[in-house]
2 protein chains.
Amino acid sequence: MNEPKPIESKPRTRRPSVAKTTQTRQAIVAAALDVFLERGFSDARMEDVAARAGVAKGTVYRYFTDKEALFEGVLREVIAVPLAHLTLMSPEPGVRLRDAIWSVVLPIVRDMERSKRAPVFRLILAESSRFPALAIMFRELVFDPIAEIIRRLAQRGVETGELTTDALVRFPHLMIAPNMLAVLWNGVFDPEHPLDMEAMFAAHLDIMFGKDESGCGPPAPQS
Amino acid sequence: MNEPKPIESKPRTRRPSVAKTTQTRQAIVAAALDVFLERGFSDARMEDVAARAGVAKGTVYRYFTDKEALFEGVLREVIAVPLAHLTLMSPEPGVRLRDAIWSVVLPIVRDMERSKRAPVFRLILAESSRFPALAIMFRELVFDPIAEIIRRLAQRGVETGELTTDALVRFPHLMIAPNMLAVLWNGVFDPEHPLDMEAMFAAHLDIMFGKDESGCGPPAPQS
DNA sequence: AATTATTATGACCCATGGGTCATTTTATTG
DNA sequence: CAATAAAATGACCCATGGGTCATAATAATT
């Protein structure tokens with residue numbers, strides 16, 4: 001039963017605990033995101049983060065070395081997660097260009113309105129001078145993939161003659177711009193009279209491809 | 001020579017000094033703008049502002065009651081000044097819609113690149129949660145006038161048949177969006193590979209109105 | 001239950017920087 | 001030049017909040 005105790009110095013045992021800590025970490029991350037979104041980096045207080053996570057201040061420092069690490073860590077997690085399902089979307093042949101673009105961009109628009117992505121985007125923008133790497137990461141993981149899809153679609157559009165210019169191939173960003181504007185408009189410049197992002201995007205397509213006749217636009221644009 | 005001194009209590013004299021103080025004030029405003037642009041509101045130090053203005057810290061407080069007043073005051077001045085020459089621009093009949101838009105928006109694009117307006121815009125964006133009034137002021141004084149001009153032009157375009165939709169009438173913002181994106185792109189998301197704002201705007205018009213055939217586009221879009 | 005490594009705690013330390021004000025400097029007037 | 005009011009100064013005060021660490025609570029192992 002009892003094996004010979006090796007003379008004493010056996011370091012007894014070591015237990016790396018388990019799920020509890022990751023649970024705590026998640027609470028901290030979630031709390032930190034909320035606090036940073038509300039106050040921005042400089043005005044966010046570590047005590048507030050701890051309080052909202054239901055832990056003491058010192059605990060936060062067991063998971064993140066300092067405030068900057070907390071900010072970067074939290075936002076990296078938020079940025080990295082999403083949009084994965086979109087990146088692989090490839091242009092299905094046979095679909096009209098307008099419809100293809102619509103079906104690619106619409107989910108992004110919809111999700112933008114009902115998630116934290118818009119506020120996160122504005123936060124990254126606000127703190128970009130202190131955390132330039134985050135802004136670049138956001139571009140690489142969010143903007144660039146979308147732009148690349150648009151570019152491919154545009155390229156096909158040029159080949160099929162649906163587009164008379166390669167302008168959209170050279171500047172796929174043009175397809176993203178209206179949404180970017182709407183996010184800032186609704187969150188910053190005129191929250192009282194928010195733009196209907198979906199309607200605006202449909203309008204954009206109307207201008208580019210002519211008034212839509214099929215059934216893929218919104219049911220009936222608002223007043 | 002000497003008139004009878006009125007028994008003493010004559011308040012002697014009072015001199016509201018003159019140009020020197022406004023000069024000092026201007027130095028403070030200019031310094032503050034630079035510091036705020038570099039560090040943002042929270043990280044800007046009043047001592048830095050004073051130092052860069054060539055005055056002592058206490059002096060700043062003779063012109064602005066506190067840090068927030070300084071920030072608001074400085075940015076109000078910056079926002080309020082410009083664009084006056086654009087607001088009155090009215091659509092000249094007989095010009096093609098595309099050319100009219102081009103000639104309205106191009107000066108804005110050009111000035112954006114060589115002035116502090118782009119960084120100021122980004123600063124206002126960054127501090128918009130602490131100073132929402134500034135963002136709204138910026139919209140009212142900068143965005144709204146431009147949007148109104150676009151709307152008028154678009155309205156005329158609908159009437160002359162140059163536009164087949166009223167989409168641009170309903171969302172004149174669509175014309176501003178590409179520039180907004182470019183400002184953020186070049187300042188935040190990819191300063192290493194800045195977008196050519198002028199070329200991108202031309203591309204946008206190409207998409208909306210078809211490839212330009214006249215001579216109003218840029219000489220030759222870059223590679 | 002006893003042991004001990006791991007995790008959590010929150011009182012505490014202290015650098016930072018906003019804001020003050022008694023004093024000094026400047027400049028205007030008689 | 002003397003008098004004095006306005007402007008400028010910078011040493012100082014002190015609230016704030018990031019970060020630390022001795023101690024306590026927790027839970028895995030025997």
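These values consider heavy atoms only, across backbone and side chains, with no hydrogens, waters or symmetry-generated copies. Each chain gets a letter, A, B and so on, in the order its sequence line appears, and its residues count up from 1.
Rounded to an integer number of Å, the gap from CD of B:Glu47 to C1' of D:dG10 is 9 Å. What separates CG of A:Asp66 from P of C:dA15 is a distance of 18 Å, to the nearest Å. The OH atom of A:Tyr61 sits 16 Å away from the P atom of C:dG10 (whole-angstrom rounding). Look at CZ on A:Phe71: it is 19 Å from C1' on D:dG19, rounded to the nearest Å. One atom, CZ of A:Arg39, and another, P of D:dT16, lie 13 Å apart when rounded to the nearest Å. Atoms CD (A:Gln23) and P (C:dA8) sit 11 Å apart, rounded to a whole Å. When the P atom of D:dG18 is taken as reference, atom CG of A:Leu70 falls 10 Å away, rounded to whole Å. Separating the CE atom of A:Met46 from the P atom of C:dC12 is a distance of 21 Å, rounded to the nearest angstrom.
Within the structure, every side-chain polar atom (N or O) of A:Tyr63 is placed at least 4.0 Å from both OP1 and OP2 of C:dT7. The side chain of A:Thr24 places an N or O atom within less than 4.0 Å of a non-bridging phosphate oxygen (OP1 or OP2) of C:dA8. At D:dA7, none of the side-chain N or O atoms of B:Thr21 fall inside 4.0 Å of OP1 or OP2 (strictly under the cut-off). Within the structure, every side-chain polar atom (N or O) of A:Thr59 is placed at least 4.0 Å from both OP1 and OP2 of C:dT7.
Residue B:Ala44 is classed as a sugar-phosphate contact, given heavy-atom separations below 4.0 Å to backbone atoms only. The residue A:Arg62 sits close to a base: some heavy atom pair falls under 4.0 Å. Using a 4.0 Å heavy-atom cutoff across all strands shown, B:Phe64 reaches no nucleic acid atom at all.
Considering CE of B:Met175 and CD1 of B:Ile150, their distance stands at 6.0 Å, rounded to 0.5 Å.
Sequence order on DNA chain C of the closest nucleotides to B:Phe41 and B:Gly58 puts B:Phe41 first from the 5' end.
Residues A:His204 and B:His173 keep their aromatic ring centres 6.0 Å or farther apart. Here B:Phe71 and B:Phe64 keep their ring centres 6.0 angstrom or further from each other.
Side chain A:Lys57 to base D:dG19: a donor-acceptor pair is found below 3.5 Å.
Put simply, the side chain of A:Val49 does not reach to within 4.5 Å of the side chain of A:Asp34, judged on heavy atoms. In this structure the side chain of B:Met197 never reaches within 4.5 angstrom of the side chain of B:Trp185, judged on heavy atoms.
If you check D:dG18, C:dT9, C:dG17 against the side chain of B:Arg45, the one that comes closest is C:dG17.
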